[in-house]
Amino acid sequence: QVRLVESGGGLVQAGGSLTLSCAASGLTFSNYHMGWFRQAPGKEREFVGVITKHGDGTDYTEAVKGRFTISRDNAKNTVALQMKSLKLEDTAVYYCAAEPGIITQGTTSWDFWGQGTQVTVSS
């Protein structure tokens, strides 16, 4: 059974930093691209960023470029989302997801999802 478990969410002031982690089990981790998505209240889930299977490539949505960094440790089956200079509009539930094939920013193609972790940015 595949499990993705996010952790590290919480309340942070605008301008602050937070690092989310996602622990994967039940899959051959290095066979999967790992993505981060987020969903704000009343909005659709949106792509945040992705890291390729062996960590040699990353891509981010324009809104977080230069502020967010994704990294992974294939020996520990974990992926991290480091968030800096947080803004009010970064408030959302953050999800990690796994996909073995073609990377897309759409949510429907990703095979596995975590349950999400709440990030709240306050003024």
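Just so it is clear, the values below take in all heavy atoms, side chains as well, and ignore hydrogens, waters and symmetry mates.
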(request) Tell me, please, which residues at least two apart from Arg72 pass salt bridge (Lys or Arg N to Asp or Glu O under 4.0 Å). (result) none
(request) With sequence neighbours left out, write down each residue that passes ring-ring contact (aromatic ring centres under 6.0 Å, His included) with Phe37, or none if nothing qualifies. (result) Phe47, Trp110, Trp113
(message) Taking Trp36 as the starting point, is it possible to reach Val50 by hopping between hydrophobic residues whose side chains are less than 4.5 Å apart?
(response) no
(message) Taking side-chain hydrogen bond (donor to acceptor under 3.5 Å, both in side chains) as the definition, give me every residue that meets it alongside Gln105, ordered by chain and number, with sequence neighbours left out.
(response) none
(message) Taking the side chain as everything from C-beta on, heavy atoms only, tell me whether Ile103 gets closer than 4.5 Å to Thr52.
(response) yes
(message) Run the side-chain hydrogen bond (donor to acceptor under 3.5 Å, both in side chains) test against Thr107 and tell me which residues pass, sequence neighbours left out.
(response) none
(request) May I ask whether Val64 and Tyr95 are part of the same hydrophobic cluster, defined by side-chain heavy atoms of I, L, V, M, F, W, Y residues being less than 4.5 angstrom apart, directly or through others? (result) no
(request) Check for a donor-acceptor pair, side chain of Glu6 on one end and backbone N or O of Gln115 on the other, with a separation under 3.5 Å. (result) yes
(message) Are Asp111 and Pro100 packed together at the side-chain level, in the sense that at least one heavy-atom pair is separated by less than 4.5 angstrom?
(response) yes
Ignoring hydrogens and angles, write down the donor-acceptor pairs under 3.5 Å from the side chains of residues 10-33, residues two or more places apart or on other chains.
residue: His33; atom: ND1; partner: Lys53; partner atom: N; Å: 3.2
residue: His33; atom: NE2; partner: Gly101; partner atom: O; Å: 3.0

(request) Please list, chain by chain and in numerical order, all residues satisfying salt bridge (Lys or Arg N to Asp or Glu O under 4.0 Å) with Glu44, sequence neighbours excluded. (result) none
(request) To the nearest 0.5 angstrom, please state how far the CD1 atom of Ile70 sits from the OG1 atom of Thr58. (result) 7.0 Å
(request) For Leu4 and Ala97, work out which heavy atoms get closest and say how close. (result) CD1-CA, 3.9 Å
(request) Test side chain to side chain contact (heavy atoms under 4.5 Å, CB included) on Ser71 and Val79 and set out the steps. (result) CA-CA 6 Å; Ser71 60; Val79 59; over 6 Å; no
(message) For Gly66, is there any backbone N or O sitting under 3.5 Å from a side-chain donor or acceptor partner on Tyr60?
(response) no
(message) Tell me if a side-chain donor or acceptor on Arg38 pairs with a main-chain N or O of Ala92 at a distance below 3.5 Å.
(response) no
(request) Using a cut-off of 6.0 Å, state whether more than 12 heavy atoms not belonging to Lys43 lie near its atom NZ. (result) no
(request) Could you state whether Ile51 and Val2 fall into the same hydrophobic cluster, counting links through intermediate Ile, Leu, Val, Met, Phe, Trp or Tyr residues with side-chain heavy atoms under 4.5 angstrom apart? (result) yes
(request) Flag yes if more than 12 heavy atoms outside Ile102 fall under 6.0 Å of its CD1 atom; otherwise flag no. (result) no
(request) Indicate yes or no for a side-chain donor-acceptor contact from Thr91 to the backbone of Thr120 under 3.5 Å, with no hydrogens or angles considered. (result) no
(request) Kindly give the heavy-atom pair with the smallest separation between Leu86 and Arg67, and that separation in Å. (result) CA-NH1, 3.8 Å
(request) Using the side-chain contact (heavy atoms from CB on, under 4.5 Å) rule, pick out the option among Val121, Val48, Asp90, Val119 that qualifies with Met83. (result) Val119
